[in-house]
Amino acid sequence: MGLDPHWLELELTESIAMGQVETTLAKLKILSDARIKLAIDDFGTGFSSLSYLKRFPIDTLKIDRSFVSQCTHDADDAAIIRAVIRLAHSLGLTVIAEGVETEEQLAFLRLEGCDEIQGYWYSRPLSAADFLAFMQNNP
């Protein structure tokens with residue numbers, strides 16, 4: 001195929017990543033050594049230990065949409081997002097917020113230093129052809 005591995009990012013849900021820790025760690029190390037990027041999806045919704053964040057060779061934390069949906073109305077969700085962003089950044093990780101749907105959520109996440117967002121704010125899911133047209137019309 002010719003795809004350089006550093007362009008590939010695999011997402012693991014928090015619950016899967018925290019399952020059989022030593023086995024998971026060994027497999028993630030192999031992927032990381034191959035320069036494949038690794039992300040923990042749905043961060044904050046499972047039963048992770050923060051110590052795993054320093055042990056696992058991950059590149060990205062994805063904040064679950066359940067925190068994002070009310071971040072402009074619920075002080076606790078806002079505080080959790082702030083804490084996750086600061087924790088991730090202090091560990092050298094990229095942060096992606098999932099489920100961003102409103103301009104207010106986007107503004108809050110930008111203000112807090114979130115690196116990337118996903119959600120309907122940009123677009124609903126698209127077919128390959130529709131994605132190509134979207135990219136051509138939105139430089």
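The analysis underlying the following values was restricted to heavy atoms, covering all of them including side chains, and did not include hydrogens, waters or symmetry mates.
Side-chain heavy atoms closer than 4.5 Å link hydrophobic residues (I, L, V, M, F, W, Y) into clusters, and following such links, even through other members, never connects Ile36 to Ile96. Cluster membership check: Leu61 shares its hydrophobic cluster with Leu8, using side-chain heavy-atom separations under 4.5 Å among Ile, Leu, Val, Met, Phe, Trp and Tyr. Residues Leu111 and Leu106 are members of separate hydrophobic clusters, defined by side-chain heavy-atom contacts under 4.5 angstrom among Ile, Leu, Val, Met, Phe, Trp and Tyr.
The closest side-chain heavy-atom distance from Leu12 to Leu28 is below 4.5 Å. A heavy-atom distance below 4.5 Å is not found between the side chains of Leu109 and Trp121. Within the 4.5 Å cutoff, side-chain heavy atoms of Phe43 are placed close to those of Val84. Looking at Asp59 and Thr94, their side chains never come closer than 4.5 Å, going by heavy atoms from C-beta outward.
Scanning both residues, Pro5 and Ala34, for their nearest heavy atoms gives CB-O, 3.1 Å. The minimum heavy-atom distance between His6 and Asp4, with the atom names listed, is ND1-OD1, 2.7 Å. Contact detail for Ile40 and Ile58: the closest heavy-atom pair is CG1-CD1, 3.5 Å. Here the closest heavy-atom approach between residue Cys71 and residue Gln105 is recorded as SG-CG, 4.1 Å. Of all the heavy atoms in Leu93 and Thr60, the pair that sits closest is CD2-N, 4.4 Å. When all heavy atoms of Ala88 and Val95 are compared, the closest pair comes out as CB-CG2, 3.3 Å.
Taking CG of Leu87 as the reference point, atom CD1 of Ile80 lies at 13.0 Å (rounded to 0.5 Å). Atom-to-atom distance recorded for Glu11:CD and Lys37:NZ is 14.0 Å, nearest 0.5 angstrom. One finds the CD atom of Glu98 at 9.5 Å from the OG atom of Ser66 (value rounded to the nearest 0.5 Å). Taking CD1 from Ile117 and OH from Tyr122, the interatomic distance works out to 4.0 Å, rounded to the nearest 0.5 Å.
Other residues, nucleotides and ligands contribute more than 12 heavy atoms inside 6.0 Å of the CZ atom of Arg86. No more than 12 heavy atoms of other residues, nucleotides or ligands sit less than 6.0 Å from atom CZ of Phe131.
Side-chain N or O atoms of Glu112 include none that pairs as donor or acceptor with a backbone N or O of Phe108 at under 3.5 Å.
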Check against side chain to side chain contact (heavy atoms under 4.5 Å, CB included), Ile81 and Val68: CA-CA 8 Å; Ile81 289 172; Val68 173; 4.3 Å; yes
Step-by-step side chain to side chain contact (heavy atoms under 4.5 Å, CB included) determination, Arg65 to Gln118: CA-CA 9 Å; Arg65 66 180 301 118; Gln118 290 180 326; over 6 Å; no
Salt bridge (Lys or Arg N to Asp or Glu O under 4.0 Å) between Lys62 and Glu116, worked out: CA-CA 9 Å; Lys62 297 182 76 174; Glu116 300 175 26; over 6 Å; no
His89 vs Ile85, side chain to side chain contact (heavy atoms under 4.5 Å, CB included): CA-CA, chis, key distance, verdict: CA-CA 6 Å; His89 285 168; Ile85 290 171; 3.6 Å; yes
Step-by-step side chain to side chain contact (heavy atoms under 4.5 Å, CB included) determination, Phe67 to Asp77: CA-CA 5 Å; Phe67 299 111; Asp77 284 343; 3.7 Å; yes
